[in-house]
Amino acid sequence: MRNFHELMMKHIRKHELLQTGDQVLVGCSGGIDSMALLHFLNSQKDELEISVAAVHVDHMLRGEESRQDFLFVKQIAREWGLEFFGRAIPIPELWKAKGGNKQQLCRSERYAYFLEVMEQTGAEKIATAHHADDQLETILMSGLRGSLQDGSFGVPASRPFGCGLLIRPQLAVDKEQIAAYAKAQGVPYREDSSNRESAYTRNRLRQRILPLLKEENKAVSQNFVELAEDMQQDQQFLQELTEEKLQQLIQIKEEGIILSAKRFRLEARALQKRMVLLLLNYLYNPKQIPVTRQLVEQMQEMMQSSSGTVFLHLPQNYVATRQYDTVFLNRQSLEQMAASASVLLTTDWTPIHCGCRYKAIPFTQFEKVENAVVWYFHASEDSRFYLRSRKPGDRIQLAGMERPKKLARLMIDEKIPVPMRESWPVITTDKNELLLVPGLRPSAMVSRQKRDEDNWVLIEQFL
């Protein structure tokens, strides 16, 4: 197993995964991958000048089978003279109470226990048994899910974990090499029956796709490991450059974050998306608030212009406001959000809303506009008009009706879906008189034909 040994040691030294004196915990399920890793690190601990211990979590998903895994790892650790740490975590009960993705719950609970043991023992490193085939599977899964564009590319050889590092020494070798090592060294292991279940995407890739790829090129997994390393280095450089550029663009004040849309647009598109992600990370804990691609694209899009005023409502009552060139991100109360949600209609176009934009002008300044609907109405010369979201209590005076009708009732009658009602736009006067509910109904105050008393024009242009 000289080749296995050389590949592992070369990988460990190249990425500086282990240092003299390190206390290393090995996450050990009892399967062939983790048992081979535990055996290798234990056999090389004198050469590497490290100490090794085993950590096992029983997720209690397979009843007696997983309990036997726990006892097996504990027994082998004792035979090999290694300290053992283990815990049974009732994942079925936790999943029933919390819901969500069961595999993700297993991972978060397992890693929380790893952190606990690291703190308890003072260990600097936790080693997991991810190998080259795992790297290839991870990249393929990211491609299937459309998450490669999010900036990550596979799993790194190491990453910060608690006060130490999570390391992956086995990325240098694939499953076949691990199996050969385990056979040659007589490494005992247990087979997890869930690894054969085709219900999991990763298992289907492992069983169906990887064999086909390896028929084309036996070294495909190692090739993807090298590709991932190159991509991760590129990503690290771009991330550091993004952080440097963003610090030059933003001002962080007590009331919020301020930056220039114009200066943002001058940066390369490759950096713009990363800057938006960093901005959102200033506002949120990414583990608690998922930052979607749609949200990033909306933020990026709002800064591609410096005309007019644009509001973008973010999770947890944060609002991104662009007034001409200045972008301001802050947290607002619900009352503040309701007040700031109004856009003043002037002789300039409003930002695009649901595929349309609007302006209100005196009739004396009116000129024909293409792809537009024109509404004529009467109001005092000093009136002001607003585009805003619907508010509770809004009423609209419809033609032919004696009394104004509740907008909420109108939306029910028109079968507007409930999730759309709250954010539906309305155009009002400064006296809160509804002129138009775009896409739904005009009020009796406006007309498609000019009347003698009409002195204002409301223009709705479709883009």
Side-chain angles (χ1 to χ4, degrees), residues 23-39 41-42 51-80 82-131 134 137-138 141 155 158-170 188-203 206 285-290:
Q23 299 181 60
V24 184
L25 303 174
V26 179
C28 195
S29 67
I32 188 171
D33 302 335
S34 59
M35 292 304 294
L37 177 61
L38 182 65
H39 181 277
L41 291 179
N42 186 47
S51 61
V52 178
V55 186
H56 176 85
V57 172
D58 173 7
H59 300 109
M60 303 177 71
L61 289 170
R62 292 175 289 114
E64 180 62 19
E65 182 183 352
S66 60
R67 193 181 79 85
Q68 290 299 322
D69 290 346
F70 182 101
L71 296 176
F72 168 76
V73 176
K74 184 177 181 180
Q75 177 61 31
I76 296 300
R78 181 182 295 116
E79 291 177 8
W80 290 354
L82 300 175
E83 194 170 6
F84 170 82
F85 301 89
R87 175 175 293 172
I89 300 177
I91 293 297
E93 294 178 18
L94 293 174
W95 184 59
K96 185 176 181 180
K98 296 181 179 181
N101 184 295
K102 187 185 293 185
Q103 296 301 312
Q104 183 59 40
L105 178 62
C106 288
R107 184 180 185 278
S108 62
E109 291 294 328
R110 180 169 67 251
Y111 278 39
Y113 179 61
F114 288 170
L115 276 174
E116 182 181 324
V117 178
M118 285 183 75
E119 293 172 359
Q120 174 187 336
T121 61
E124 297 86 359
K125 308 286 172 62
I126 174 79
T128 61
H130 296 87
H131 49 76
D134 290 328
E137 291 166 11
T138 299
M141 287 182 67
V155 294
S158 68
R159 67 172 176 85
F161 190 75
C163 296
L165 289 176
L166 185 150
I167 62 173
R168 299 181 173 100
Q170 244 171 202
Y189 62 90
R190 286 174 60 83
E191 186 66 40
D192 184 342
S193 60
S194 65
N195 288 338
R196 296 188 295 270
E197 295 177 7
S198 60
Y200 300 115
T201 303
R202 184 178 287 273
N203 285 355
R206 181 176 301 152
N285 179 344
K287 294 182 179 179
Q288 297 176 351
I289 302 294

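At least one side-chain heavy atom of W80 sits less than 4.5 Å from a side-chain heavy atom of H39. At a threshold of 4.5 Å between non-hydrogen side-chain atoms, the residues Q68 and L71 count as touching. Between L61 and K102 there is a side-chain heavy-atom pair separated by less than 4.5 Å.
Listed by chain and number, the residues in a side chain to side chain contact (heavy atoms under 4.5 Å, CB included) with F114 are V55, V57, R110, Y111, I126, F161 (sequence neighbours excluded). Partners of S108 by side chain to side chain contact (heavy atoms under 4.5 Å, CB included), not counting sequence neighbours, listed by chain and number: L105. For R78, there are no salt bridge (charged side-chain N to carboxylate O under 4.0 Å, His left out) partners at least two apart in sequence or on another chain. With sequence neighbours left out, E109 forms a salt bridge (charged side-chain N to carboxylate O under 4.0 Å, His left out) with K98. In this view, S34 and C28, S29, A129 satisfy the side chain to side chain contact (heavy atoms under 4.5 Å, CB included) rule, not counting sequence neighbours.
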Exercise. Given the rule in the side-chain contact (heavy atoms from CB on, under 4.5 Å) test, do V26 and N42 qualify, once you have shown the distances and angles that lead to the verdict?
Worked result: CA-CA 10 Å; V26 179; N42 186 47; over 6 Å; no

For this session: Check the pair D134 / R168 against salt bridge (Lys or Arg N to Asp or Glu O under 4.0 Å), numbers first and verdict last.
Result: CA-CA 11 Å; D134 290 328; R168 299 181 173 100; over 6 Å; no

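Taking a 6.0 Å sphere around OH of Y189, one finds it holds 12 or fewer heavy atoms contributed by other residues, nucleotides or ligands.
Side-chain N or O atoms of E124 include one that pairs as donor or acceptor with a backbone N or O of Q23 at under 3.5 Å.
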What side-chain donor-acceptor pairs closer than 3.5 Å can you find for residues 86-97, not counting sequence neighbours?
| unit_1 | atom_1 | unit_2 | atom_2 | d |
| --- | --- | --- | --- | --- |
| R87 | NH1 | E116 | OE1 | 3.0 |
| R87 | NH2 | E116 | OE2 | 2.7 |
| W95 | NE1 | G100 | O | 2.8 |

